[in-house]
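These notes are about the structure you will find just below.
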2 protein chains.
Amino acid sequence: MTKNISDIAQMAGVAKSTVSRYLNGGSVSVKTKQKLERITREAGYVPNTFAQSLKAKRTNLIGTIVPRLDSFAAAQTMTGIDEELRTAGGRMLVYNAGQDRQREIEAMQDLARQKVAGIILMPAQVTDGHLRAAEAAGIPVLLVGQGNDRLHSLVYDDYGAGRLMGRHVLDMGHRRIAYLGVTEDDEAVGRLRKEGFRAAAEECPDCEIRYYESSFAIGDARAAAEKILDEHAPSLIVCATDNIALGVVKTAHVRGLSIPSQLSVTGFGGYEVTAIINPELTTVRFPYYEAGRLAARSILKLTAGEDVRRSTVMDVEMLSRESVDNLNIPFV
Amino acid sequence: MTKNISDIAQMAGVAKSTVSRYLNGGSVSVKTKQKLERITREAGYVPNTFAQSLKAKRTNLIGTIVPRLDSFAAAQTMTGIDEELRTAGGRMLVYNAGQDRQREIEAMQDLARQKVAGIILMPAQVTDGHLRAAEAAGIPVLLVGQGNDRLHSLVYDDYGAGRLMGRHVLDMGHRRIAYLGVTEDDEAVGRLRKEGFRAAAEECPDCEIRYYESSFAIGDARAAAEKILDEHAPSLIVCATDNIALGVVKTAHVRGLSIPSQLSVTGFGGYEVTAIINPELTTVRFPYYEAGRLAARSILKLTAGEDVRRSTVMDVEMLSRESVDNLNIPFV
DNA sequence: CCTCAAACCGGAACCGGTTCCGATTGCATT
DNA sequence: AATGCAATCGGAACCGGTTCCGGTTTGAGG
């Protein structure tokens, strides 16, 4: 049914090496070029990718490992990767690790044996297992969202984001604050954001700040919020992600607390929904989409053997909106 | 560096055909089986996927074409597909069509030449171009979310969803209603949901229902809501998707209309966020995740040459929540 | 110990391309 | 017309597996 290069060669009365050369822009006379142009078109010939890859020992596939598919950050990043890859003739092979570190490692191994050209990994945490797998893969691996000395990485300025947020809420006059973070195993989201926030908070001696922890799940965030409100009763809760903030907002509503007058809430991420809900959520925008594009460009360069900066930091942007009360304005 | 089957054969002192047989469960003596077990393990041998695919003329890859990556429906469906595929040793190759019909078709062509085993397509609309491309691909194509006689499909009961919603809002006493839909080019979301709603509405002679149209974008939905409120001033707006509903809710907030007492709003989809916002959105849940799993199972069967029902309809579920006012309750 | 089928194994062909190398061709120069 | 060089081309090897086919072993049964 579908024709191979030998069929084409036979139809054209040339050797298949000539056809291959024609296809790949080698030296072919004008006459045979025209003939082959016509014949390949009429026969609807398309080269077999396996055979090409078998010989070339590589594909145009870029493996992308995401912690989960249904997250704003992952979706935006994937969109960026996909778009950039497409323009370069590359394809994106998506792996969903389902928030499981072990599956991230398995995914790398599996992708390596599928001989993808490179891997873009969005890990929650970089363990020794990750490093070993990355090394064993024998192909470029680019980390997105988490940094590591031993691998190329593209990170967000999580520390800066934390500090920006810290300054902002202090500026707004808040002093009794809860920081609802995630596990420090997550270097970027768990540790750096908190450290950044803490750095800003330390400039404020009369602050009463308590640190809490939740998972990324909205349900857990709601439970954590209950606890915070009971124990600490802060005027503001800084949440390590927009999703967690959404959970806190929900709890506030359930308790009948109005935002921001009775409770201020902030997030990190800049998810689309934060601009839709009422009141709009104060947060820090992370350039996920742009990071995806840059990640794709970088991994392509790496697979081409070109040089790429070992670590790149993406800037973030403070989005001051309605969910933080300004306590500086005196009552009228 | 990495060993191939000939290396292994040489190390074991057997022919490579024997190694291949061992790997694929052919008839091999216990002795050589043990020897090969040891050697392949020690050498860390992994078969080259290209060579296998070249011979087998097929991959374990399933192409998945989504209209966009950053939509709840797509994310849930992909998660389901990925999970089910993984258990069967399959992999998901994701294509983002970016809401572009032409790119959906190109994606099919491209996937076909990458020799994926099958394609799961989530189209906004099935055109002749789609059908032609699906036929030309020469591999099974499964439609999700949109039906078509000529292809296998997995659809939601959009008509039933529309009717459920229609009945529900009428039951709640609403009579002056706006239906904010999308283009009828989208058979499922645009036409069927509306028809289902209309069927329910026709049982109500004293209703004043007007039909409007928007795109899927929140921004457009907000603009449409403005228009609806100005022109028709309904007590309730039925939106064709949860995202559109979110836009309408936003407009209501901006206008200072309280939901549901001054304006009721409903959506379709059952997105996670609808349970988080305040008030919670009344909507119809679509089983996206389950559909993804079923889609994966079906496409695998199809690629294995097994029989699959030409069309399967997934049931939906009414989620009656807070965003619809009950007008039946008399004032006290 | 012989016979014979079943189990096991090796060799070679094949999948569909790419690439190297050497041979042929074409064309411009003398 | 002979020469030289570059452009073009064909043949064969190769990538790393799978599978067919035929030959050799094995072991059970007589």
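What you see is a predicted model, and the numbers here were worked out from it, not measured in a lab. These values consider heavy atoms only, across backbone and side chains, with no hydrogens, waters or symmetry-generated copies.
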Polar side-chain atom of A:S20 near backbone of A:K16 as donor-acceptor pair, under 3.5 Å: no
N/O (side chain, A:N4) to phosphate O (OP1/OP2, C:dC15) under 4.0 Å: no
Greater than 12 external heavy atoms within 6.0 Å of B:E290's CD: yes
Strand-adjacent residues in residues 5-16 of chain A, judged by heavy atoms under 4.0 Å from DNA chain D: A:G13, A:V14, A:A15
From D:dC15, C:dG17, C:dG10, nucleotide with atom closest to A:L54 side chain: D:dC15
Side chain of B:S20 - closest among D:dA12, C:dC15, D:dT18: D:dT18
Presence of B:K57 side-chain N/O under 4.0 Å of C:dG16 phosphate oxygens OP1/OP2: yes
Donor-acceptor contact present, side-chain B:S53 to main-chain B:T59, <3.5 Å: no
Polar atoms only, N or O, under 3.5 Å: list the protein pairs with nucleotides 26-28 of chain C and their distances.
none

Gap separating the CG atom of A:L54 from the CD atom of B:Q52, nearest 0.5 angstrom: 11.0 Å
Main-chain N/O of A:N4 paired with A:D7 side-chain donor or acceptor, under 3.5 Å: yes
Value in whole Å for how far the P atom of D:dC9 lies from CG of A:N24: 15 Å
Rounded interatomic separation in angstrom, taking NZ from A:K35 and P from D:dC9: 9 Å
Mind listing the side-chain donor-acceptor pairs of residues 92-100 of chain B below 3.5 Å, one per line with the distance, residues two or more places apart or on another chain?
from	atom 1	to	atom 2	distance (Å)
B:Y95	OH	A:R91	NE	2.5
B:Y95	OH	B:D110	OD2	2.1
B:N96	OD1	B:G98	N	3.0
B:D100	OD1	B:Q102	N	2.7
B:D100	OD1	B:R103	N	3.3

Test item: B:I39 and B:V19 side chains (from C-beta on) under 4.5 Å apart, heavy atoms: no
Backbone of A:D149 reached by a side-chain donor or acceptor of A:R310 within 3.5 Å: yes
Under 3.5 Å between N/O atoms: give me all the protein pairs with nucleotides 5-8 of chain D, atom names plus distance.
none

Residues touching DNA chain C, which here means a heavy atom under 4.0 Å, drawn from residues 39-51 of chain A: A:Y45, A:V46, A:P47, A:N48, A:A51
Gap between atoms NZ and P, on A:K3 and C:dG17 respectively (whole Å): 12 Å
d(NZ, A:K115; P, D:dC15) in whole Å: 14 Å
Qualifying residue, where the test is side-chain contact (heavy atoms from CB on, under 4.5 Å) with A:I120 and the options are A:I81, A:V66, A:I65: A:I81
Close N/O contacts between protein and nucleotides 22-25 of chain C (under 3.5 Å):
none

Separation of atom NZ in B:K33 from atom P in C:dA7, rounded to whole Å: 12 Å
Salt bridge (Lys or Arg N to Asp or Glu O under 4.0 Å) partner of B:E37, the single match among B:R41, B:K33, B:K35: B:R41
Within-4.5 Å side-chain heavy-atom neighbours: A:Q125 and A:H130: no
Flag side-chain contact, heavy atom, 4.5 Å: A:Y22 against A:V14: no
Short side-chain N/O contact from A:Q52 to OP1 or OP2 of C:dG16, under 4.0 Å: no
Short side-chain N/O contact from A:K55 to OP1 or OP2 of D:dA13, under 4.0 Å: no
